[in-house]
Amino acid sequence: MDEQHEADYLKGLNNPQKAAVLQTSGPVMIVAGAGSGKTRVLTYRIAHMIASGIDPFNILALTFTNKAAKEMRKRIENVVGSEAKNIWMGTFHSVFAKILRFEAGKLGYPSNFTIYDTDDSKSLLKTIIKELKLDDKAYKPNVVLNRISAAKNSLITHKMYQNADELTSYDSVSGKPEIAKIYNLYAKRCFMAGAMDFDDLLLKTFELFTTHIDVLNKYQHKFQYVMVDEYQDTNHCQYMIVKKLAAVNENICVVGDDAQSIYSFRGATIRNILNFEKDYPDLKVFKLEQNYRSTQTIVNAAGSIIAKNKDQLEKKVWTSNQLGEKIKVLRAVTDNEEGRFIAQSIFEEKMKHQSAHTDFAILYRTNAQSRSLEEALRKLNLPYRIYGGQSFYQRKEVKDLLAYLRLTVNHKDEESLKRVINYPARGIGKTTLDKIQLHASEQGVSWWDIVCNAEVFPNLGAAKSRLADFATKIKSFATMLATNDAYELSMHIAKSTNLLKSLYDDKTVEGISRYENVVELLNGIKEFVEDDSSELEKNLGVYLQDIALITDSDKDDGSDDKISLMTIHAAKGLEFPFVYISGMEENLFPSQMSTGSRKDLEEERRLFYVGMTRAERKLTLSYANSRFRFGQLLPCEPSRFIGEIVNDFIELDKKAFVKRSDGDKPEFNRFNKRKSESTEKSNLQNKYGRTNQKQTTRSLPPPIVNFVPDDTTEIKVSDVVEHQRFGKGKVVLLDGDFGNKKATIEFDEYGKKQLVLKFAKLRFVKN
DNA sequence: TACTAAGCTCTTTTT
DNA sequence: GAGCTTAGTA
């Protein structure tokens, strides 16, 4: 390798970074704090490996998101050129799916197996629960799926589950004793349909490597160097597969930060990173602790938050960046007002610093929070883009066409079959479908078998010929698979099923947008066919495999100058000069689902930490006194996390405490409108799926007098006050200084509570 | 069989 | 508010 060149790319690195890049063999763990140049180190490390003669074909790099994989590939290409194409780089799911395509036959699956997304899985579970005549209140598809998913991530197959007393007795106690049975049936039905769900992609890979040693050997030999990004987010199953792959060469490098472990709901266990040393005694550990991203204020405030967690690796993140502005805290009366404050603030900052829209990000805990923010941004004509949330591929019209495509490739795909068997309507109604369902479960055959042999089954009556026509149609598509590329075939299917025309004929606003979405899907397929950067075949099967694991946030349109809206989870790995974290309310962030145990709360805190450390220059936190959820206006407490930040780092925004004018009153008349409007909308959505259009008005919350730092109101011991949530109470103690004054209040109902007055929502009660 | 109106339920994060 | 189901009707 060119010595001069090596000096070039190592020049910009600090000492631990350089050491981590140069240590290319043996087991390595890089503990990388937020903003410490992790991606840079990984990139240069791979570049360095290739430059020192390691064949890119022998390198496997696993990431969690397609975005991260793409970004890394791009950056490596910049350093080493086109050789980077040959690295096996991708998400766990996509890399394992690729392996499974090759080896599916060994597990009894067809190589063109379908990948079920979450919707497919839930829908299948729903039919199973119905077939077993179980109470659908106790057995919610979501809950059952989580349970099955957790089992799969812990390498517990449906056969093992039945005998796992601990699991089944837990199910019994929680009123769901039949989960083992459902899991069993679910696994069988997936197998029968030639389908794998997301978790199967991991579980089946593990099974493959366990039952077929020759296959394992092949991949162990192929992947001489294994690298895992975001190692703190791996679950047990992923950990075991990686361990197996690296067992021979032991050239394994994991990169992670225990303080950023935020995926335990997906089975990620922080143990994997804490215990890595035990697996590899020769381990070399490199710690990247200098933060290059954020101001001192943000780094220190974030550090003081994360220090409250007990489970962590020893590490001190620091920065030599400038001190920077204080963290701003905005308080609003409702979520709508919160949206207005944020939009207004972005508008002002943008003017002040002549910043681009891409410099701003609004982060939140749940996707549902985006609604009020969107509305406010639209009113100020600020362009924005939402990442995540409902994906393009989940729209009804897109899923419908995809279902035809999937069914063409894999006739056994039951979820797709059900979706399109009577769409567009061809006279195969509910009665017929019920009969098919009955036959299928009685005879243990698939829906496709019945559709193909309709004449054999009794009671199908007039529907027989219609079913036969449908089967003939799908079969005729399948014969075109070998001779036509993905685009030609998709176009043919869209036209000959009348799907395209029926959407085209609908000239309503929603209809036009639906038509455009299907056209966009078809254009996407065309692009896939015309893209000659990859050597993959251009047939439909390969295309479907390609998009099954792609999510909306992976679509790149970074060229647009827009404000980014996303959950904190989705913001991982990104950075923005100005970051707003909205909805800093107790039970929302930290989520009420997770405040049950210390461990859960610690994960929420890590999540908050991740959100804070996305900000380079300025961080703004906001919360509302009340928020609409499920059509109900609910009172909110400010998040305990705001109180946890050391006071020196934060500044309350005065603007938020200005008295509201009467012009702020929302309209109530919306509720007097004809009821049929909402019904009409609901039916339309039922028929065509969700549309983008969201228009809402909210009602005014009850007025609350707040104590703010510049409030002249004095509060004294023995005053009687009323709290928005805790009710009536008497002030028994006052302490703390100005701006951080605390009151201990003895509430009639809840006993003694200490409240920070600047956050409390109280009013005096006349005695 | 297809469509409409009304009623019920819904609480997180993602591949 | 929004999605989804069900009963009732054409």
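Naming: A, B, ... by sequence-line order, numbering from 1 per chain. Values below: all heavy atoms of this structure, side chains included; hydrogens, waters and symmetry mates excluded.
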Could you check how far [atom1] of [X] sits from [atom2] of [N], rounded to whole Å?
| X | N | atom1 | atom2 | value |
| --- | --- | --- | --- | --- |
| A/I421 | B/dT1 | CD1 | P | 11 Å |
| A/N146 | B/dT14 | CG | P | 13 Å |
| A/F64 | B/dT13 | CZ | C1' | 14 Å |
| A/L145 | B/dT14 | CG | C1' | 12 Å |
| A/H236 | B/dT15 | NE2 | P | 23 Å |
| A/E585 | B/dT11 | CD | P | 19 Å |

Do the non-hydrogen side-chain atoms of A/P590 and A/R640 ever get within less than 4.5 Å of each other? yes
Is any side-chain heavy atom of A/Y186 closer than 4.5 Å to one of A/L145? yes
Which is true for [X] with a 4.0 Å heavy-atom rule: it touches a base, it touches only sugar-phosphate, or it touches nothing?
| X | result |
| --- | --- |
| A/S94 | nothing |
| A/D199 | nothing |
| A/F92 | nothing |

Walking DNA chain B from its 5' end, the first of A/R466 and A/H93 to be reached, judged by nearest nucleotide, is A/R466
Quick check: on DNA chain B, is the nucleotide nearest A/G427 upstream (toward 5') of the one nearest A/E603, or the reverse? Name the residue that is more 5'. A/G427
Which nucleotide wins on minimum distance to the side chain of [X], given the candidates [options]?
| X | options | answer |
| --- | --- | --- |
| A/N422 | B/dT15, B/dT12, B/dA2 | B/dA2 |
| A/T65 | B/dT13, B/dT15, B/dT11 | B/dT15 |
| A/Y263 | B/dT14, B/dT15, B/dT12 | B/dT14 |

Give the intermediate values and the outcome of salt bridge (Lys or Arg N to Asp or Glu O under 4.0 Å) for residues A/K152 and A/D197. CA-CA 10 Å; A/K152 285 182 177 174; A/D197 67 14; 2.9 Å; yes
If the cut-off is 4.0 Å, is [X] near the phosphate of [N], judged by side-chain N/O to OP1 or OP2?
| X | N | answer |
| --- | --- | --- |
| A/N153 | B/dT15 | no |
| A/N367 | B/dT13 | yes |
| A/K126 | C/dT5 | yes |
| A/T567 | B/dT12 | no |
| A/T432 | B/dT1 | yes |

NZ of A/K418 to CG of A/L124, rounded to nearest 0.5 Å, is 6.5 Å
Taking atom types as they are modelled, is there a donor-acceptor pair under 3.5 Å from the base of B/dT12 to the side chain of A/R365? yes
Using the C1' atom as the point on both nucleotides, what is the distance between C/dC4 and B/dT13, in whole Å? 23 Å
Judged by modelled atom types alone, do A/Y384 and A/E374 share a side-chain donor-acceptor pair under 3.5 Å? yes
Using a cutoff of under 3.5 Å, can you pull out all pairs of nitrogen or oxygen atoms linking the protein to nucleotides 8-10 of chain B, with atom names and distances?
from: B/dC10; atom 1: OP1; to: A/K140; atom 2: NZ; distance (Å): 2.6

Using 30° and 60° as the class limits, which term best fits the ring planes of [X] and [Y]: parallel, tilted or perpendicular?
| X | Y | answer |
| --- | --- | --- |
| A/H569 | A/F265 | perpendicular |
| A/F589 | A/F608 | perpendicular |
| A/F113 | A/Y109 | perpendicular |

When you compare the ring of A/F265 with the six-membered ring of B/dT13's base, are the centres less than 5.5 Å apart and the planes under 30° from each other? yes
